[in-house]
Amino acid sequence: MDFAFDTVTEDLRERLLRFMDECVHPAEPAFEEQAAAAGWSPPPLLDDLKDEARKRGLWNLFLPGAHGAGLTNLQYAPLAEIMGRSPSIAPTATNCAAPDTGNMEVLSMFGSEWQREEWLRPLLDGEIRSAFAMTEPDVASSDATNIATSIVRDGGEYVINGRKWFISGAMNPNCKIFIVMGKTNPDAPKRRQQSMILVPRDTPGLHVKRGMHVFGYTDADHGGHAEVIFEDVRVPADNLIGEEGGGFAIAQARLGPGRIHHCMRLIGMAERAVELMCERALARTAFGKPIARQGVVQDWIAESRIRIEQLRLLVLKTAWLMDTVGNQGAHTEIQAIKISTPVTVEWILDKAIQVHGAGGVSQDFPLAALWAGARSLRLADGPDEVHKRSLAYRELKRFM
Ligand SMILES: Cc1cc2nc3c(=O)[nH]c(=O)nc-3n(C[C@H](O)[C@H](O)[C@H](O)COP(=O)(O)OP(=O)(O)OC[C@H]3O[C@@H](n4cnc5c(N)ncnc54)[C@H](O)[C@@H]3O)c2cc1C
């Protein structure tokens, strides 16, 4: 077993680390200021960073195959980790940010030629952003078969009616296209009722109603998380992605890579937390000695290091399995990292916040915002309990 990165990964890691040190981290204070003033639009400095990332060949790294950089999951994993150290800036600057990444994967895997030309190309070029609309306020959406939005065929069109919320990115005016999941046939078998359809933002009847707060944060720099109403929205029939009844399967395929990307970035967030925790513990003195000399703080630092190394091994193994046996074959591991990574990184961030005292919960350090992000990922893309239920079921099945 070889734990070293291959030469392609090493080269990209070096270039990405240089980009982070030379461009991303120095831009963080100005980014915060611009984000506060920019409303729901992305801070303008992102455009310069995008140009720079592109020039440096750090673009669309997440996307395997001919449409993207063509990296394997195992090659992309350590790069996403580096981006996670500055999660508001680096993924967007390199066109590797959710939810566009998942949407680009859907279009590249299931989109028709026309759909790819119309929507995938500008997404790959970073000209527009996109949203994925599945969750609904009126039904328990962790069970995707509950999704109630209707998509009804009417001649050469589909008519869409429903209400969605927590639709990431949708508050950004440059979010031009929505992938919407709804029911085309409520009488079909449970997992064949749903379809996915493309809805351009400017379609009459689509109303972006309000931004949802996340622990008080607007996440405006990510385009927020919107409540969106679909009222007699009409789109041409060829906006349907894949076939009628294929929506559930597409949603499953979309979430595999998305989950591993989140986990990789979370590990980068944890590394940043440990770095800040150590610097602060060494810099502050209480009761006659640096805080770093307190046994309890050393315990948190040691535990954090061990937990990060454990997580990274599992995430890299999962990436390797996805490359070698496919997303379906790596199902258990994908669920295992989706369960273990956010909760562990949340624990590490909590300890880093504690070491910082009041500063830790303030806007002067990135820890509070990172914590809110990690905590939210125990819900987004499916709550912990739902993944545990399904993982346990597969484990039990082996003995039944
Ligand atoms: C920051 C953020 C961004 C998001 N972005 C998007 C987005 O871009 N697009 C989108 O469509 N959605 C998005 N979501 C929504 C997210 O995917 C849903 O919140 C999630 O799937 C859970 O659905 P729900 O909120 O309806 O919870 P519910 O389905 O109502 O579940 C509530 C709780 O019930 C419990 N529960 C449910 N089932 C079980 C079970 N089988 N066993 C034990 N307990 C159970 C769990 O504790 C769960 O948290 C986002 C959410 C957040 C927080």
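Both ligands and their constituent atoms are indexed starting at 1 by order of listing. Along the sequence shown, residues are numbered consecutively beginning with 1.
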Closest protein heavy atom to [atom], given as residue, atom name and distance to 0.1 Å:
| atom | value |
| --- | --- |
| atom 3 (C) of ligand 1 | Ser168 OG, 3.5 Å |
| atom 38 (N) of ligand 1 | Val386 CG2, 3.4 Å |
| atom 9 (N) of ligand 1 | Phe132 O, 2.8 Å |
| atom 33 (C) of ligand 1 | Pro383 CG, 5.0 Å |
| atom 20 (C) of ligand 1 | Leu379 O, 3.4 Å |
| atom 15 (C) of ligand 1 | Thr135 OG1, 3.2 Å |
| atom 46 (C) of ligand 1 | Glu385 OE1, 3.3 Å |

Identify every side-chain donor-acceptor pair in residues 282-301 under 3.5 Å, counting partners at least two apart or on other chains, and give the distances.
from, atom 1, to, atom 2, distance (Å)
Gln298, NE2, Ala292, O, 3.0

ask   = Taking atom types as modelled and ignoring hydrogens, do the side chains of Asp6 and Gln75 form a donor-acceptor contact shorter than 3.5 angstrom?
value = yes

task = Work out which heavy atom in Tyr76 is nearest to a heavy atom in Cys96; give both atom names and the distance.
result = OH-CB, 3.5 Å

inquiry  = Between the side chains of Glu243 and Arg192, is the shortest nitrogen-to-carboxylate-oxygen separation below 4.0 Å, so that they form an ion pair?
reply    = yes

inquiry  = Does this structure show an ion pair linking Glu309 with Arg305, if we count only N-O contacts that are shorter than 4.0 Å?
reply    = yes

ask   = Is the closest N or O pair between Phe166 and ligand 1 shorter than 3.5 Å?
value = yes

task = Could you tell me whether Val214 and ligand 1 have an N or O pair separated by under 3.5 Å?
result = no

ask   = More than 12 foreign heavy atoms under 6.0 Å from CD of Glu10: is that the case here?
value = yes

message = So for atom CD, which belongs to Glu113, do other residues, nucleotides or ligands contribute more than 12 heavy atoms lying within a distance under 6.0 Å?
response = no

Interatomic distance, Gln115 atom CD to Leu120 atom CG [nearest 0.5 angstrom] = 10.5 Å

query = Protein heavy atoms: any of them under 4.0 Å from atom 35 (C) of ligand 1?
reply = no

inquiry  = Would Arg254 and Phe132 count as a cation-pi pair here, with the cationic atom under 6.0 angstrom from the ring centre and within 45° of the axis?
reply    = yes

Qualifying residues under side-chain contact (heavy atoms from CB on, under 4.5 Å), relative to Cys23, sequence neighbours excluded = Phe19, Leu49, Glu52, Arg56

task = May I ask which of Gly373, Ala140, Gly382 has a heavy atom nearer to atom 30 (O) of ligand 1 than the others do?
result = Ala140

remark   = atom 31 (O) of ligand 1: of Ser141, Ser142, Ala372, the nearest heavy atom sits on Ser142

query = Any idea which part of Asp219 is under 4.0 Å from ligand 1, heavy-atom wise: side chain, backbone, both or neither?
reply = neither

Counting from 1, what ligand 1 atoms have a heavy atom of [X] closer than 4.0 Å?
| X | result |
| --- | --- |
| Asp381 | 17 (O) |
| Arg389 | 41 (N) |
| His225 | 1 (C), 3 (C) |

query = Has the side chain of Lys338 got a donor or acceptor atom that lies under 3.5 Å from a matching backbone atom of Gly382?
reply = yes

ask   = Can Val139 be said to touch ligand 1, with heavy atoms closer than 4.0 Å?
value = yes

